[in-house]
Amino acid sequence: MNLGLTLTQSALKWPEKTALVFEGRSWTYREWNREVNRAANAFAGHGIGRGDRVAFLTWNLPEQVTAFYGLLKIGGVPVPINYRLAPNEVKFIVNDCGARLFVFEEALRDLVMPILDELPSVERCIYIGDSPQKDEVPFQDFIEPASDREPPIGAGFNDAAFIMYTSGTTGLPKGVVRTHLAELFGSMTMAQECGFRQDDSILNNKPLFHIAQLQLQFLPFVHLGATNVLTRGFDVEETLSLVESERLTCLHGVPTQMVMMVQADLSKYDLSSLRCGFYGGQTLADDVTRKCMTLFPDLFLNVYGFTEGLTVNACDYRRHPDKLGSVGQAAINMEVRIVRTGATEPDDVVAPGEIGELIARGPSIMKEYFRQPERTAAALRKGWYFSGDAAYSDEAGFVTVMGRLDHTIKTGGENVHPSEVENVLFDHHAIADAAVVGLPSSKWGQVVCAAITPKDPELTADALDQYCRESPDLADFKRPRHYFFLDEIPSNSTGKVERGRLKEKLLGLLERPLD
């Protein structure tokens, strides 16, 4: 059994069920599985087999997921790449994984052309679009002559299913090797935690080069025989229109997208089909969470994990309205602990309420970092993955994640976690978005600084300072000493604040060094 065969099974069980929808076109499970088999046999005909890597640089497209599942069936290893990267960053990943084939689309040609002559492992480029150049092979030409019969099974439980590269926020990107077993367990975990059903349909409007979009929804929906609707990207009006036209039942979003949806004029759309919503990546303001709970009448969940191990925690706020902001208890099949910051042993557990490092173990944890044994050994200790995330848990095991340990602000000998301050700021009625970082100070080492995107243009730093002084949830040493008003706070495609970029921006706005 491997991950690709979940599609085979769904095609056998529900051949006439709609599997895939994209820009007005749809494929049943029988139709799509035949296309996937053609892709699998075409890849095999080129000599691609167990363990061979194939790089992808595309938007969300039917050709992308067809090739992806074709490779899974024969043991090939897809490597999806972030199309927001610079050319040399793409080159690093293609060369680091040693991809034999490179699949890309016309819309991203400008990103590809500067590096095509610097990819020594790539034997052929497979092109998605209408204007192939040089030796590029159009995708349909590549798969059309191949058989649509099921190919021989090329991989098992412990083989690599795909390699997903981290964002590289702590150095060069690392290739996270995800096995077929890890993905099968991850798929079942998401289906269980979110209550997915075979008659569900979900919108994939975030890039499939991210583990959250791929594992949290696309893979489990194929596993269950449910319907995946693809779009090239996120647009709030398009999203709400598709909920109505496709009768979508489930939505996943990063916090920014959830905010945009609940702030839209929802009366313009028939959203009665929605029942389940979930998000992750950052904390939502409590008022936004409550609005989302009315939008999704069955479940609204905060799902926590990482590229190395999704899903780790989940919290359904409809069941636990007193736990807003928490990522919940350990998900099914997973174990979670909070250990002392800097601990090297998984048994060095802290008391409830004490902040430490979140560690996890279970069958959906990664196998390794590709060709990086030292970094693998540093992250995986005695079967536990050390996440680098600061967190604490209560007596019942509900975990609250504070952010990255390396984002901790050290001011005057005290540690301040950005989320402690951000959660207070999010409750201010005149704030649309907020992020907190530490900037260098000659006196304190670092000082707490807040970037604010205001709802009210009349909002002032003095008013915010008074608000924080009066907050019963914020110690005085955690209070921001400086406020910066921005039109937009830098974030990546998963909605996480890019604190490095934010620090650079704020430092550029300073007229003089901070005391």
Side-chain angles (χ1 to χ4, degrees), residues 3-8 10-11 14-43 54-74 76 78-81 83 101-109 125-132 136-148 150-151 162 200-210 213-235 238-239 242 245-246 248 250 252:
L3 186 62
L5 296 185
T6 60
L7 171 58
T8 305
S10 290
W14 302 287
E16 302 308 319
K17 173 73 187 295
T18 299
L20 202 61
V21 177
F22 178 73
E23 294 183 351
R25 293 184 62 196
S26 64
W27 293 258
T28 66
Y29 268 98
R30 176 188 281 122
E31 292 168 338
W32 185 39
N33 189 55
R34 286 174 176 170
E35 285 291 286
V36 167
N37 288 343
R38 288 191 181 96
N41 289 313
F43 282 123
V54 175
F56 285 76
L57 190 70
T58 75
W59 297 75
N60 293 351
L61 297 173
E63 295 90 342
Q64 171 200 26
V65 294
T66 297
F68 188 93
Y69 268 87
L71 288 166
L72 293 177
K73 287 192 178 188
I74 64 171
V79 183
I81 300 175
Y83 51 70
L101 299 178
F102 187 17
V103 181
F104 75 93
E105 67 159 311
E106 176 62 35
L108 300 170
R109 181 177 290 282
C125 288
I126 298 172
Y127 167 82
I128 302 171
D130 298 323
S131 305
E136 296 165 5
V137 181
F139 179 77
Q140 287 301 326
D141 292 353
F142 180 70
I143 71 167
E144 195 62 39
S147 169
D148 65 0
E150 290 291 334
F162 56 86
D200 274 329
S201 55
I202 197 165
L203 182 62
N204 293 266
N205 58 8
K206 291 162 294 301
L208 288 165
F209 59 69
H210 277 307
Q213 184 69 30
L214 184 64
Q215 193 196 50
L216 289 183
Q217 58 186 80
F218 195 89
L219 299 182
F221 268 57
V222 174
H223 202 163
L224 291 171
T227 300
N228 276 299
V229 178
L230 290 176
T231 67
R232 290 176 177 269
F234 173 80
D235 176 84
E238 180 188 38
T239 295
L242 283 169
S245 63
E246 298 294 338
L248 298 174
C250 303
H252 167 245

Just wondering, do [Y] and [X] contact through their side chains at under 4.5 Å, heavy atoms?
| X | Y | answer |
| --- | --- | --- |
| Thr58 | Phe68 | no |
| Leu230 | Glu23 | no |
| Leu224 | Ser10 | no |
| Glu63 | Glu35 | no |
| Trp32 | Val65 | yes |
| Pro78 | Val54 | no |
| Phe104 | Ile81 | no |
| Thr239 | Thr231 | no |

Practice problem: Answer yes or no: is there an ion pair linking Glu136 with Arg109, defined by an N-O contact shorter than 4.0 Å? | Solution: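 Yes, Glu136 and Arg109 are salt-bridged.
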
Starting at [atom1] of [X], measure out to [atom2] of [Y] and round the result to the nearest 0.5 Å.
| X | Y | atom1 | atom2 | result |
| --- | --- | --- | --- | --- |
| Leu71 | Leu101 | CG | CG | 8.0 Å |
| Thr66 | Leu20 | OG1 | CG | 6.5 Å |
| Ile143 | Phe43 | CD1 | CZ | 8.5 Å |

Practice problem: Please check if any side-chain donor atom of Glu150 sits under 3.5 Å from a side-chain acceptor atom of Asn33, or the reverse. | Solution: yes

Practice problem: Let me see the working for Phe142 and Tyr127 under ring-ring contact (aromatic ring centres under 6.0 Å, His included), right down to the final yes or no. | Solution: CA-CA 9 Å; Phe142 180 70; Tyr127 167 82; over 10 Å; no

For the pair [X] (side chain) and [Y] (backbone), establish whether a donor and an acceptor sit closer than 3.5 Å, ignoring hydrogens and angles.
| X | Y | result |
| --- | --- | --- |
| Gln213 | Phe218 | no |
| Thr227 | Thr18 | yes |
| Lys206 | His252 | yes |

For a quick test of reading the model, state the closest non-hydrogen atom pair linking [X] to [Y] and the distance between them.
| X | Y | result |
| --- | --- | --- |
| Ser147 | Asn41 | O-ND2, 2.9 Å |
| Arg38 | Ala146 | O-CB, 3.3 Å |
| Gln64 | Ile128 | N-CD1, 4.5 Å |
| Val36 | Gly70 | CG1-N, 3.4 Å |
| Pro151 | Ala40 | CG-CB, 3.7 Å |
| Leu108 | Leu57 | CD1-O, 3.5 Å |

Quiz item: Does the pair Glu31 and Arg25 meet the rule for a salt bridge (charged side-chain N to carboxylate O under 4.0 Å, His left out), with working shown?
Solution: CA-CA 12 Å; Glu31 292 168 338; Arg25 293 184 62 196; over 6 Å; no

Quiz prompt | Steps toward side-chain contact (heavy atoms from CB on, under 4.5 Å) verdict (Asn37, Lys73) | solution = CA-CA 8 Å; Asn37 288 343; Lys73 287 192 178 188; 2.7 Å; yes

Quiz prompt | side-chain contact (heavy atoms from CB on, under 4.5 Å) between Val79 and Phe102, worked out | solution = CA-CA 9 Å; Val79 183; Phe102 187 17; over 6 Å; no

Quiz item: Which of these, Phe56, Trp59, Tyr83, sits in a side chain to side chain contact (heavy atoms under 4.5 Å, CB included) with Phe209?
Solution: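 Of the listed residues Phe56, Trp59, Tyr83, the side chain to side chain contact (heavy atoms under 4.5 Å, CB included) partner of Phe209 is Tyr83.
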
Quiz item: Who passes side chain to side chain donor-acceptor pair (under 3.5 Å) against Arg34, sequence neighbours left out?
Solution: none

Exercise. Using side chain to side chain donor-acceptor pair (under 3.5 Å) as the criterion, point out the one residue from Asn60, Asp200, Asn204 that pairs with Asn228.
Key: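 Between Asn228 and the candidates, side chain to side chain donor-acceptor pair (under 3.5 Å) is satisfied uniquely by Asn204.
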
